[in-house]
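Working notes, structure below.
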There are 2 protein chains.
Amino acid sequence: MGETSGLGRAALVRDGVELGERDVGLLREIDVTGSVARASTNLGRSRARALTRIEELESAFGDLVERQRGGSGGGGSRLTDDATRLLNRYERLQVALSATAHVPETVLEGTVSSIAGELADVETSVGTVRGLHDGVSLGDLVQVRIGADSLTVLEPAADPDPDSTSARNHLSGIVAEIEPGETVFTVHIEAGGAIFRALVTEDSVDRLGLAEGCGVVLTWKATATRLTHEV
Amino acid sequence: MGETSGLGRAALVRDGVELGERDVGLLREIDVTGSVARASTNLGRSRARALTRIEELESAFGDLVERQRGGSGGGGSRLTDDATRLLNRYERLQVALSATAHVPETVLEGTVSSIAGELADVETSVGTVRGLHDGVSLGDLVQVRIGADSLTVLEPAADPDPDSTSARNHLSGIVAEIEPGETVFTVHIEAGGAIFRALVTEDSVDRLGLAEGCGVVLTWKATATRLTHEV
DNA sequence: GCACGTTGTATCGTAGATGATTCAACGAAG
DNA sequence: CTTCGTTGAATCATCTACGATACAACGTGC
């Protein structure tokens with residue numbers, strides 16, 4: 001009986017070829033060791049397989065590894081600039097996915113009341129909420145998902161003119177619980193019968209004087225709100 | 001020569017067992033058809049394999065499928081409430097991951113100038129930016145990633161008192177380009193020599209009167225900013 | 001009691017990915 | 001010219017996931 005945890009696996013795709021974690025590990029080790037041979041033995045993998053894999057990747061992504069046969073030390077390999085750019089891109093994707101998989105979420109349920117392009121309005125227990133959808137229809141029962149990292153907490157006094165910001169969804173509530181971290185706190189806010197979770201830095205907690213029972217205003221962007229069908 | 005695109009694959013993990021897209025497809029089809037037999041033939045899969053897979057999943061996630069052997073129609077199967085909850089959770093994760101994989105990003109480079117717990121300050125071309133890291137050290141060269149869906153755009157006049165909001169990073173710039181969508185626009189904003197990309201709804205573009213050359217203020221949360229090593 | 005379609009279970013075959021092994025080709029350094 | 005450790009390339013073995021198949025067990029309805 002373990003805890004259920006979410007997991008996001010990153011991959012970069014081009015021309016049907018998928019560059020995944022395993023490939024990134026190989027390229028990194030080549031970068032470090034300077035040869036495919038050393039890299040593959042260090043990783044406990046077959047050198048032949050590594051080479052054919054590199055050619056598969058290069059057929060889609062272009063030159064990644066400059067290989068030289070013969071020469072001082074017998075030869076060697078080094079990554080191209082394209083390859084390091086690709087690795088950097090993969091790293092960003094990986095971190096971003098891991099983050100959204102692990103960040104707390106708040107989930108609302110409701111029915112779709114209007115649709116305009118990629119956006120839809122949903123009637124929920126906290127009022128109508130706007131978010132991005134991917135093929136819902138009028139009247140559908142949907143889940144509304146808001147990541148804790150995209151909720152902004154404001155002092156009620158600073159409640160901004162809704163016409164002057166691009167954050168369209170907003171709502172007032174009271175702090176129900178503050179779950180401490182090292183310097184990042186998860187603040188639970190009760191609003192309209194639902195519990196919202198927002199990630200807030202320690203010094204924001206101090207600046208805003210957040211404490212249980214405090215009244216606050218929540219703001220978040222429609223484009224950070226995702227709608228999914230309810231099964 | 002194709003376009004490189006990012007991809008996020010969702011999975012729920014528990015006790016080492018991974019519930020992925022394939023499993024979700026099976027469970028969904030069982031829910032629809034009412035039997036493992038019909039589900040597996042509909043999906044072109046082996047019924048025997050489907051049953052053993054269900055048992056693997058249940059060994060980690062608990063009862064998912066109530067199977068009845070014999071009876072009217074020969075028997076049948078239906079999902080437990082836990083299973084539908086799991087499917088809903090998977091759907092949210094899947095949509096959230098796909099979203100962060102496809103949303104435009106803005107990337108800054110810089111060096112870490114201070115670290116406090118999960119947070120770190122990075123000196124970049126646009127000034128010092130605060131974000132979440134996962135094991136960086138002082139002086140490290142890092143990438144700063146901000147998803148376009150977590151950037152908030154404000155009118156300069158409405159620039160809020162930084163002490164009244166939990167959005168700590170903020171910056172002024174001018175609109176360089178507006179990339180239209182159906183109802184969601186991608187606004188490119190030049191600030192400090194860098195180009196920021198923000199997702200903004202059509203009516204926010206109207207309300208704020210956004211157009212090329214406009215001065216605006218960008219705001220985003222430190223907890224929506226991710227730092228990764230540069231390779 | 002019999003028919004029916006499902007679940008339960010075991011065995012076999014296949015396809016794809018991967019490692020293991022081997023040998024040739026290479027080219028700078030000494 | 002020889003040495004050296006690499007790249008290049010082919011072949012074989014292995015492992016794993018999966019489908020194919022077959023048969024028993026089950027229980028409701030006729």
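Below, read A as the first sequence line, B as the second, and so on, with proteins coming before strands; counting in each chain starts at 1.
Nucleotides of DNA chain C nearest to A:Ser72 and B:Gly73 differ in position, and the one nearer the 5' end is that of B:Gly73. When each of A:Gly71 and B:Leu51 is assigned the nucleotide of DNA chain C bearing its nearest heavy atom, the one mapping closer to the 5' terminus is B:Leu51.
Residue B:Gly76 is in sugar-phosphate contact alone, with no base atom involved, counting any heavy-atom pair closer than 4.0 Å across all strands shown. Heavy atoms of B:Thr52 sit nowhere under 4.0 angstrom from any nucleic acid atom.
Under the 3.5 Å distance criterion, the side-chain polar atoms of A:Glu118 are matched with a main-chain donor or acceptor of B:Glu182. One N or O on the side chain of A:Tyr90 and one on the backbone of A:Glu21 form a donor-acceptor pair closer than 3.5 Å.
Note: CD (B:Glu56) to P (C:dG8) measures 15 Å, nearest angstrom. Going from atom CZ of A:Arg78 over to atom P of D:dT6 covers 17 Å, rounded to whole Å. When rounded to the nearest whole Å, the span between CD1 of B:Ile54 and P of D:dA17 equals 17 Å. Atom CG of A:Asn42 is separated from atom P of C:dG19 by 14 Å (rounded to the nearest Å). Rounded to whole Å, atom P of D:dT7 lies 8 Å from atom CZ of A:Arg38.
Between B:Ile115 and the options B:Asp140, B:Asp121, B:Leu138, a side-chain contact (heavy atoms from CB on, under 4.5 Å) holds for only B:Leu138. Put simply, the residue from B:Val65, B:Asp23, B:Leu86 that forms a side-chain contact (heavy atoms from CB on, under 4.5 Å) with B:Leu57 is B:Asp23. B:Val153 pairs with exactly one of B:Leu199, B:Thr219, B:Val200 by the side-chain contact (heavy atoms from CB on, under 4.5 Å) rule, that one being B:Val200.
Side chains of A:Ile54 and A:Ile30 form a contact here, defined as non-hydrogen atoms less than 4.5 Å apart. In this structure the side chain of B:Val122 never reaches within 4.5 angstrom of the side chain of B:Thr128, judged on heavy atoms.
Closest to the side chain of A:Ala37, out of C:dG8, C:dT18, D:dT6, is D:dT6.
Look at B:Arg67 and you'll find a side-chain N or O under 4.0 angstrom from OP1 or OP2 of C:dG8. Contact check, B:Arg53 against D:dC18: no side-chain N or O comes under 4.0 Å of OP1 or OP2. Close to D:dT7, at under 4.0 Å from its OP1 or OP2, lies a side-chain N or O of A:Ser77.
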I'd like a table of atom pairs between the protein and nucleotides 20-25 of chain C - only N or O on both sides, under 3.5 Å - with the distance next to each one.
none

